[in-house]
Undergrad: 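Here it is, the structure in full.
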Amino acid sequence: MRTVRAVAQLRSTLEPVRRAGLTIGLVPTMGALHEGHLSLIRHARSHCDVVVVSLFVNPAQFNERADLERYPRRESDDAALAQAAGADVLFAPAVDEIYPAGFATSVEVFGVTERLEGASRGREHFRGVATVVTKLLCMAMPDVAFFGQKDAQQVVVIRRLVADLNLPMGIEALPTVREPDGVAMSSRNALLSAEERPRAVALPAALTAAARLVGAGERSAQAILAAAREAMRPYGVEPEYLALVAPDTLEPIDTLDGEALLALAARIGETRLIDNAILHPVTTNAAAAAHAPSQPVPGKAMTTCSA
Ligand code: AMP
């Protein structure tokens with residue numbers, strides 16, 4: 001695996017690959033790699049000829065300075081993990097390589113950024129995400145970029161900007177990888193204390209309760225959300241938001257008559273966690289349980305390098 005830090009070096013590494021007609025898969029990350037990230041890298045490895053992993057803690061998407069400062073950074077461990085999972089190129093730029101002096105452009109997606117994470121974290125969060133992802137896509141020019149369904153709203157925002165800016169690559173979302181107790185893997189889990197970690201089960205518990213109720217035939221968003229909220233109570237965790245929305249537009253829905261995205265965020269101590277699940281009204285009880293968070297939540301099938 002080759003580690004590159006400069007955009008020019010990334011381009012000169014990938015240019016011959018493209019000229020040889022080989023496919024390039026990009027996995028953007030902020031590091032502190034865990035099984036969730038590694039599942040994306042392995043998937044890219046099995047579908048693309050050359051796998052690029054980017055490692056960049058993007059200051060522009062942090063609305064709280066303390067959150068940025070606390071964010072775990074361990075590049076040498078990450079490099080070893082990325083390589084073992086099949087990365088060919090690790091792009092690990094410094095902040096001023098991405099945002100050099102005089103940088104003055106940002107990408108802002110409207111309509112799907114105002115709710116959920118956008119409402120909680122402010123406009124600058126998705127502006128920062130959209131800007132850095134656009135830059136990474138333009139730098140690597142992959143055939144496909146791989147993202148986790150764990151950040152469901154981020155996937156919607158990225159699909160929107162890729163379509164709107166006519167960027168010539170596929171975006172593929174892959175299922176959320178979870179710990180044995182159902183908690184979604186996240187770099188932020190490492191920030192939870194021993195007392196806080198068990199309380200993080202509140203998030204998948206809310207998703208499981210909602211999926212069960214839907215499996216039992218409930219269609220009212222109000223009832224589904226109430227059950228999800230109730231399931232968090234034993235853990236002493238209040239959601240920052242808990243919403244049932246259309247998976248593509250993120251518009252709130254009142255009655256479940258097609259697939260719906262149940263998304264939530266909650267703070268456990270100082271650490272803010274998010275999670276989500278796709279709910280299917282046609283599923284039976286057993287199928288609902290299969291979609292509950294102890295199992296991966298299906299992402300949307302999309303283009304792959306080998307497709
Ligand atoms: P991050 O480093 O948190 O920016 O995440 C980098 C990529 O990994 C994003 O596309 C995330 O959605 C994805 N990701 C993070 N956690 C998980 C997980 N538990 N399962 C699958 N993908 C994940």
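All heavy atoms count here, side chains included; hydrogens, waters and symmetry mates do not. The residues of the chain are indexed from 1 along the displayed sequence. In listed order, ligands and their atoms are each counted from 1.
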Undergrad: Below 4.0 Å from any atom of ligand 1, is there a heavy atom belonging to E35?
TA: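 E35: no contact with ligand 1 (<4.0 Å).
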Undergrad: Of all the atoms in ligand 1, which lie at a distance below 4.0 Å from a heavy atom belonging to F147?
TA: 10 (O)
Undergrad: Ligand 1 versus H34, non-hydrogen atoms closer than 4.0 Å: side chain, backbone, both, neither?
TA: side chain
Undergrad: With only distance considered, is S39 within less than 3.5 Å of ligand 1 through an N or O on each side?
TA: no
Undergrad: Tell me which part of V27 gets within contact of ligand 1: side chain, backbone, both or neither, using heavy atoms under 4.0 Å.
TA: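 Neither; nothing of V27 gets under 4.0 Å from ligand 1.
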Undergrad: Do S120 and E240 get their side chains close enough for a donor-acceptor pair, meaning under 3.5 Å?
TA: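 Side chains of S120 and E240: pair found under 3.5 Å.
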Undergrad: Under a 4.0 Å threshold between the charged nitrogen and the carboxylate oxygen, would E251 count as salt-bridged to R115?
TA: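 Salt bridge flag = yes for E251 with R115.
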Undergrad: Relative to ligand 1, is A32 under 4.0 angstrom through side chain, backbone, both or neither, heavy atoms considered?
TA: neither
Undergrad: Would P28 count as a contact residue for ligand 1, given that I'm defining contact as a non-hydrogen atom of the residue lying under 4.0 Å from a ligand atom?
TA: yes
Undergrad: Which of parallel (below 30°), tilted (30 to 60°) and perpendicular (above 60°) describes Y71 and F62?
TA: perpendicular
Undergrad: So is there a nitrogen or oxygen of M30 less than 3.5 Å from a nitrogen or oxygen in ligand 1?
TA: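 Yes, M30 has an N/O under 3.5 Å of an N/O on ligand 1.
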Undergrad: Between H43 and E172, is any side-chain donor less than 3.5 angstrom from a side-chain acceptor?
TA: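 Judged by distance alone, the side chains do pair up.
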Undergrad: Is the side chain of E179 donor-acceptor paired with the backbone N or O of D181 at a distance under 3.5 Å, no angle test?
TA: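 Not at all, since once roles are kept as given, no pair shorter than 3.5 Å links the two residues.
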Undergrad: Considering D78, D151, I41 one by one, which has a heavy atom nearer to atom 11 (C) of ligand 1 than any of the others?
TA: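 The residue whose heavy atom sits nearest atom 11 (C) of ligand 1 is D151.
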Undergrad: With a 4.0 Å cut-off, would you call R18 and D143 a salt bridge?
TA: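 Not counted as a salt bridge, because no side-chain N and carboxylate O are separated by less than 4.0 Å.
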Undergrad: Relative to the heavy atoms of Y71, which atoms of ligand 1 are at a distance of less than 4.0 Å?
TA: 3 (O)
Undergrad: Charged N to carboxylate O below 4.0 Å: is that the case for R123 and E114?
TA: yes
Undergrad: Quick check: does any side chain N or O of S187 sit under 3.5 Å from a backbone N or O of G31, one acting as donor and the other as acceptor?
TA: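 Yes: the side chain of S187 pairs with the backbone of G31.
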Undergrad: For ligand 1, is there an atom lying under 4.0 Å from some heavy atom of F56?
TA: no
Undergrad: Roughly how far, to the nearest 0.5 Å, is the CD atom of E196 from the CD atom of E270?
TA: 8.0 Å
Undergrad: Which of the atoms of ligand 1 are close to P175, meaning less than 4.0 Å from one of its heavy atoms?
TA: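 Heavy-atom distances to P175 below 4.0 Å select 20 (N), 21 (C).
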Undergrad: What protein heavy atom lies closest to atom 20 (N) of ligand 1? Include the residue and the distance to one decimal.
TA: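 Of the protein heavy atoms, V177 N, 2.9 Å lies nearest.
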Undergrad: Among all protein non-hydrogen atoms, which one is nearest to atom 1 (P) of ligand 1, and what is the separation to 0.1 Å?
TA: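 I find the closest protein heavy atom is H37 NE2, 3.6 Å.
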Undergrad: For ligand 1, find out whether one of its N or O atoms is nearer than 3.5 Å to an N or O atom of M185.
TA: yes
Undergrad: Check ligand 1 against G148 and write out every atom of the ligand that is under 4.0 Å from a heavy-atom position of the residue.
TA: 9 (C), 10 (O), 11 (C), 12 (O), 13 (C), 22 (N)
Undergrad: Would you please say whether a donor-acceptor pair under 3.5 Å links the side chains of H125 and Q61?
TA: no
Undergrad: If you measure from each non-hydrogen atom of K150 to ligand 1, which part falls under 4.0 Å: side chain, backbone, both or neither?
TA: side chain
